[in-house]
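Okay, structure first, notes after.
One-based numbering, in listed order, for ligands and for the atoms of each. Since this is a predicted model, take the numbers as computed values, not measurements.
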Amino acid sequence: MPDLLPTVPDATGHFGPFGGMFVPETLMTPLQDLAIAYEQARQDPAFQIELDSLLHNYVGRPTPLYFAERWTEQLGGAKIYLKREDLLHTGAHKINNALGQILLAKRLGKSRIIAETGAGQHGVATATVCARFGMECVVYMGAVDMERQALNVARMRLMGAKVVAVTAGQATLKEAVNEAMRDWVGSVENTHYIIGSALGSHPFPMMVRDFHRVIGIEARQQILEKEGRLPSMLVACVGGGSNAMGLFHPFLNDPDVRMVGVEAGGDGIIPERHAARFQGGKLGVLQGTKTWLLANDDGQIELTHSVSAGLDYAAIGPEHAYLQSIGRVEYTYATDTEALAAFKTLATTEGILPALESSHAMAYVHKIAPLLPKTDIIIANLSGRGDKDVEQASKYLL
Ligand SMILES: *Cc1c(COP(=O)(O)O)cnc(C)c1O
């Protein structure tokens, strides 16, 4: 690992060989304009002040850094702290990014917002900020996902969003993204597309990361206050990779802080039964970016599976591909069974129902903490709350 990591992405959105802008020609200029506008907003104190104020008063930041005392005692190893993103308005980290992007859209003079959603969490965060800013909101969602996530569909509609069912292909997230892209190609003049993870074409992976960096910035300050030193290890689940990038990024230049990203191992590493892109994935291009993805030998995107809809995607964010390639972040996976066991442990030991996505990070903590000395400190990102997963968890655990 180099002493100090280079600043990425470069001006064309590359994280080493990963990332970039693989979009239809009509979107190239709007995306370059977006990158410029974002750069200006980032340096404008008025933008930061408005964002910080809303993060505090509307979203509920800062979130606590909670010492999981009973769980730590039970495991008998490293001290475990949980970054409580589950306590945010709408129940997950996703609102950090949705809020940042709608402020940017407002600045750009856009009046209409589109998004796509799998589990519905990003759709809910987007519908929320659209209601708050009085903007028209259209959310594309696979018809199959709409059925599985009926509660989130209702939440979006109650806040005034239009939820459009996508019936093509598998009728899940990948098809919803295609539909949102199709909309945007024809509507970019008045419409901003709020991408929900650290994915897609430049500048999205960078912007989404930056809007979530507040997680790591707070965690760093909080652990210094509580323990007087930096953590030994950070752990986060990785779907597209936004909650993990948010936690990791402010610590990247601290060589003594180990970082572990946990992907969805599904039923185990069997083709089409998992979503762990670093386990047998390939380098390829999907929906705007060059990164590791799950595809067959012809380059066709493979089916994926995870008990948690939010981790069930064939591609990983390009910055994770980069951090893996330079050996700065380690990646592992947790299976459905391990995630469900961790869900139960956290529920009964700490009185916290974690989202099934976050439960993957917790499953790794459960494995690693007992192997580390008591003097070590782990910070694990509790990216969301498990209320949305109660039905599924009950099916397996009760
Ligand atoms: C969407 C979601 C994830 C996965 O997305 P990332 O971009 O990888 O963070 C993780 N946890 C929760 C609670 C989510 O809603």
Side-chain angles (χ1 to χ4, degrees), residues 63 82-98 101 115-126 128 141 145 149 151-152 155 173 176-177 194-200 204-205 207-216 234-249 260-264 275-278 289 291-292 304 306-321 323 329 331 333-334 339 342-343 346 352-364 380-390 392-393:
T63 58
L82 303 176
K83 184 60 174 158
R84 298 292 308 272
E85 295 295 295
D86 61 316
L87 296 177
L88 289 178
H89 182 40
T90 70
H93 68 289
K94 290 205 169 69
I95 188 100
N96 300 325
N97 167 56
Q101 285 204 45
E116 91 297 312
T117 193
Q121 290 301 103
H122 173 58
V124 168
T126 302
T128 301
M141 192 168 182
D145 287 335
Q149 306 288 339
L151 178 66
N152 278 340
R155 289 168 83 191
L173 180 61
V177 176
I194 301 189
I195 289 184
S197 188
L199 274 167
F204 283 100
M207 282 195 323
V208 175
R209 171 199 76 196
D210 289 351
F211 288 133
H212 283 301
R213 282 184 86 246
V214 64
I215 302 170
L234 304 175
V235 182
C237 66
V238 184
S242 68
N243 86 89
M245 279 316 309
L247 177 66
F248 295 170
H249 199 263
V260 182
V262 186
E263 297 184 278
R277 288 66 43 106
F278 288 130
T289 194
T291 187
W292 286 97
T304 51
S306 169
V307 69
S308 65
L311 303 184
D312 198 353
Y313 186 68
I316 192 165
E319 191 161 10
H320 287 286
L323 292 170
V329 179
Y331 293 85
Y333 63 91
F343 179 101
L346 222 63
I352 295 171
L353 298 180
L356 282 173
E357 290 82 5
S358 324
S359 299
H360 287 70
M362 303 305 137
Y364 179 71
N381 206 12
L382 190 49
S383 52
R385 70 178 81 125
D387 302 31
K388 68 185 176 62
D389 301 314
V390 161
Q392 211 168 358

Study note, to complete from the structure: closest protein heavy atom to atom 11 (N) of ligand 1 is Ser383 OG, 2.7 Å
Point to revise | Pairwise side-chain contact, Leu382 with Leu346, heavy-atom cut-off 4.5 Å (strictly under) | key: yes
Practice item. Compare every heavy atom of Leu173 with every heavy atom of Asp145, then report the nearest pair and how far apart it is. Key: OD2-N, 3.4 Å
Check your understanding: Which of the numbered atoms in ligand 1 are below 4.0 angstrom from a heavy atom of Asn243?
Key -> 6 (P), 8 (O), 9 (O), 10 (C)
Exercise for review: Give a yes/no on ligand 1: does His93 have at least one heavy atom closer than 4.0 angstrom to it?
Suggested key: yes
Check your understanding: Do the side chains of Ile195 and Met207 get nearer than 4.5 Å, heavy atoms only?
Key -> no
**Study point:** Sub-4.0 Å atoms of ligand 1 with respect to non-hydrogen atoms of Gly239
**Key:** 8 (O)
Revision key, fill the gap. So the atoms of ligand 1 within less than 4.0 Å of a heavy atom of Gly310 turn out to be 4 (C)
Exercise for review: Please state whether Cys237 comes within less than 4.0 angstrom of ligand 1, counting heavy atoms only.
Suggested key: yes
Review point. Are any of the side-chain heavy atoms of Leu199 and Phe204 separated by less than 4.5 Å?
Key: no
Check your understanding: Angle class for the His320/Tyr331 ring planes (parallel below 30°, perpendicular above 60°, tilted otherwise)?
Key -> perpendicular
Point to revise | Proximal ligand 1 atoms for Ala355, defined as those under 4.0 Å from one of its heavy atoms | key: 13 (C)
Practice item. Would you indicate whether the side-chain heavy atoms of Gln121 and Arg155 approach each other to under 4.5 Å? Key: yes
Check your understanding: Which heavy atom of the protein is the closest neighbour of atom 2 (C) of ligand 1, given with residue, atom name and distance?
Key -> Lys94 NZ, 2.3 Å
Practice item. Please report which non-hydrogen protein atom sits nearest to atom 10 (C) of ligand 1, along with the residue it belongs to and the distance in Å to one decimal place. Key: Glu357 CB, 3.4 Å
**Study point:** Subset of ligand 1 atoms that lie under 4.0 Å from at least one heavy atom of Ser197
**Key:** 6 (P), 7 (O)
Point to revise | Which of the ligand 1 atoms, numbered from 1, are nearer than 4.0 Å to a heavy atom of Gly384 | key: 13 (C)
Exercise for review: With heavy atoms under 4.0 Å as the rule, classify the contact between Glu85 and ligand 1 as side chain, backbone, both or neither.
Suggested key: neither
Exercise for review: Could you check if a side-chain atom of Glu357 sits within less than 4.5 angstrom of a side-chain atom of Asn243, using non-hydrogen atoms only?
Suggested key: no
Check your understanding: Heavy atoms, side chains only, cut-off 4.5 Å: are Val238 and Arg277 in contact?
Key -> yes
Review point. What are the two closest non-hydrogen atoms of His212 and His93, and how far apart are they?
Key: CE1-O, 3.0 Å
**Study point:** Where Lys388 and Leu356 come nearest, the two heavy atoms and their spacing
**Key:** NZ-N, 4.4 Å
Check your understanding: Nearest protein heavy atom to atom 6 (P) of ligand 1, by residue and atom, and its distance?
Key -> Ser242 N, 3.3 Å
Check your understanding: With backbone taken as N, CA, C and O and side chain as the heavy atoms from C-beta onward, which portion of Val238 lies under 4.0 Å from ligand 1: side chain, backbone, both, or neither?
Key -> backbone
Check your understanding: In terms of atom number and element, which parts of ligand 1 are under 4.0 angstrom from non-hydrogen atoms of Gln121?
Key -> 15 (O)
